[in-house]
Amino acid sequence: MSDLPAGLTRERGLDLLRGMLRIRQFEEHCAELYGAGHIRGFLHLCDGEEAIAVGVMQALGPDDAVVSTYREHGHALARGIAMGPLMAELYGKRSGCSGGRGGSMHVFDAATRFYGGNAIVGGGLPLAVGLALAEQLRGTRNLAACFFGEGAVAEGEFHESMNLAALWNLPVLFLCENNLYAMGTALTRSESQTDIQAKAAGYKVRAAAVDGMDVFAVESAVRDAVEITRGGGGPALLELRTYRFRAHSMFDAQLYRDKAEVEAWRERGPIIRLTTRLKAAGLMTEDDFQRLLREADAEVQAAVEFATAAEWEPVAELARHVCAEAAS
Amino acid sequence: MSEPVRITYREAVKQAIREALQGDPRVFLMGEDVGRYGGCFAVSKGLLAEFGEQRIRDTPLSESAFVGAGIGAALGGLRPIVEVMTVNFSLLALDQIVNNAATLCHMSGGQFPVPLVIRMATGAGRQLAAQHSHSLEAWYAHVPGLRVVEPATIDDARGMLRAALACPDPVIVFEPISLYNMEGDLTAAASEVKLAGARVHRTGKDVTLVSYGASLWRCTAAADELATAGIEAEIIDLRSLRPLDDATILESVRRTRRAVVVDEGWRSGSLAAEIVTRIVEQAFYDLDAPVARVCTEEVPIPYPKHLEDAALPAAPRIVTAVKGLVGHGQ
């Protein structure tokens, strides 16, 4: 395996792997905590898709805006939201990053400009267009990065947003995580044109398809797109081709796909792939990998302890945040 | 303020938009045909030439995208005024309004308020038939996280928009289609007009008429008619439909001991239903008669004028309802 970027350092390689392992281990624990009843509601895990979260965030700046979906734990962690407040949010505690009001599907964080956690498929795209409009009108060089799944491409809001962003030359990165299934509906059963990036041409939006299982490919494609978009080149669509190894949510018997298909994709998984390549290039040993794994587990354990110890919001505060507190 | 200025409701709204654009660089207007066309109801005519296309933005026919973009722009630090041609069309943006504008502040634990103003035309009276004439204010007034107002007077048409822009929450401003050509005196300074709170529009001692929007003027016509029969009707202009100002309604009803709620929405599940319930819950033992309602007949608004008129809560129906309560004409 010699397909690593030229000049890749051991430190950089381990950093990227660490980022993906933090997400993977966080979510492994989430599944257990769900079974134990500590996390409730809907819980959507992203394992298999970690290279996208980590790769994208390498290329964004701290002042860029991020709009995400209900499968956003990876995006949130890679963006820099601390694991403790994220876990506390999944627990519904007041020290959660959304004050406990949102839960797994609605992670928000003003400090990192993370605008949710949107659980209406396609609902975040118009928000990203507006955030980009604000940046354009304010004369900044910031952009809005918007994650959505391939299922959102069937929504009118995808098409309206692509058109509006291109029409107004807005700095939006449309980041389509194509994991081939909209809940249980295969892409081939929902789209007449399954080559998603090809749809961008109808709106004069730059587009590319990217191997979403390769963190370097993701980072590189996003950097290229960011450079043009930040320079006033308008929006871009990246179709990040990936797969989710686990069920859609915790209530999914996965009747719609073969186990063999899942196994085949697992072999191409982003973590195993990077691990194999780093080892082959002599940049990492098995001991390094085990150390990163232990560190990630320790961070998750500390996050669980933080969430467990956190307080519930008093019922007396039920009506808070319906309106802004500065309002009369 | 000096001499009152006589202007139309349309001009009052335009003045408010112009003053907002002049006073705050974060403010901009966007919507279908607000620029080159001058606005579907000519509210924004001339503003494009005055402020340029960065701040007077024509949008594609993509209600969901441009209302959602308004929400995003508000999150991004601007103060957008989004115009939706009619409340009927706003249903194409209902997802953005209900699932995003109304929820983001709460779901984010207060981190992301949405200081957005959405203006939309509402109501019947211009023979525009069943896809341009409805009064769906109650749908929006149902939703926590939104503020819903409907100016019925010239002063409010100008002043409430300013107050809406100063509010950190999403505010939906309904503008009755049938009032755009109404003339009246501009008397209050815009800065004196509040966003919330009902207002006693006319005082009287025999019955309270509770209304809003275009129906306010149906109530004044009815009150004139009732006065000739010796019945003094008090009229309350709700102004704000969410939150509702219970105190002003109840203070009046406890004095007059009778109430008729006049609402251009359909009766079933209406704002009128909510107001009657609040009166009954809080002032039941002060009442001398059951609370009555005059609402739009439960039909999609028909095109022919005589049928449209018959569907709406017109003054004669209000007069009849009041006389039924006060025992006159028996």
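Lettering of chains follows the sequences in order, A, B, ..., and the numbering in each one begins at 1.
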Distance check, rounded to the nearest 0.5 Å: [X] atom [atom1] versus [Y] atom [atom2]?
X	Y	atom1	atom2	result
A/Leu133	B/Met30	CG	CE	6.0 Å
B/Gln96	A/Leu127	CD	CG	5.5 Å
B/Gln111	A/Tyr115	CD	OH	10.0 Å
B/Phe112	A/Phe108	CZ	CZ	7.5 Å
A/Leu164	B/Arg57	CG	CZ	8.0 Å
B/Ser62	A/Glu157	OG	CD	10.5 Å

Around atom [atom1] of [X], are there more than 12 heavy atoms from other residues, nucleotides or ligands closer than 6.0 Å?
X	atom1	answer
A/His159	NE2	yes
B/Phe89	CZ	yes
B/Glu53	CD	no
B/Glu50	CD	yes
A/Glu311	CD	no

Any idea which heavy atoms bring B/Gly110 and A/His321 closest together, and the distance?
CA-ND1, 3.4 Å
For B/Asp58 and A/Trp168, the nearest pair of non-hydrogen atoms, with its separation, is O-CZ2, 3.5 Å
Under a plain distance cut-off of 3.5 Å, with no hydrogens placed, do A/Gln136 and B/Gln54 share a side-chain donor-acceptor pair?
no
Hey, are A/Glu160 and B/Ser64 close enough side-chain-wise for a donor-acceptor pair under 3.5 Å?
no
Please determine, among A/Asn118, A/Leu170, A/Leu125, A/Leu131, the option with the most heavy-atom pairs under 4.5 Å with chain B.
A/Leu131
For chain B, which of A/Ala134, A/Gly99, A/Ser98 has the most heavy-atom pairs under 4.5 Å?
A/Ser98
Salt bridge (Lys or Arg N to Asp or Glu O under 4.0 Å) involving A/Asp63 - partner list, sequence neighbours excluded:
none
Taking only residues two or more places apart in sequence or in another chain, which ones pass salt bridge (Lys or Arg N to Asp or Glu O under 4.0 Å) with A/Glu135?
A/Arg113, A/Arg138
What are the residues of residues 97-106 of chain B, in order of number, with any heavy atom under 4.5 angstrom from a heavy atom of chain A?
B/Asn99, B/Asn100, B/Leu104, B/Cys105, B/His106
Residue by residue, scan residues 65-75 of chain B and write down, ordered by number, those that have a heavy-atom distance under 4.5 Å to chain A; if none do, write 'none'.
B/Ala65, B/Phe66, B/Gly68, B/Ala69, B/Ile71, B/Gly72, B/Ala73, B/Leu75
Does any backbone or side-chain atom of [X] lie under 4.5 Å from a heavy atom of chain B? Answer side chain, backbone, both or neither.
X	result
A/Leu167	side chain
A/Phe158	neither
A/Ala65	neither
A/Asp109	both

Looking at B/Pro80, B/Pro25, B/Gly145, which makes the most heavy-atom pairs under 4.5 Å with chain A?
B/Gly145
Side-chain donor or acceptor of B/Asp169 paired with backbone N/O of A/Cys323 under 3.5 Å:
no
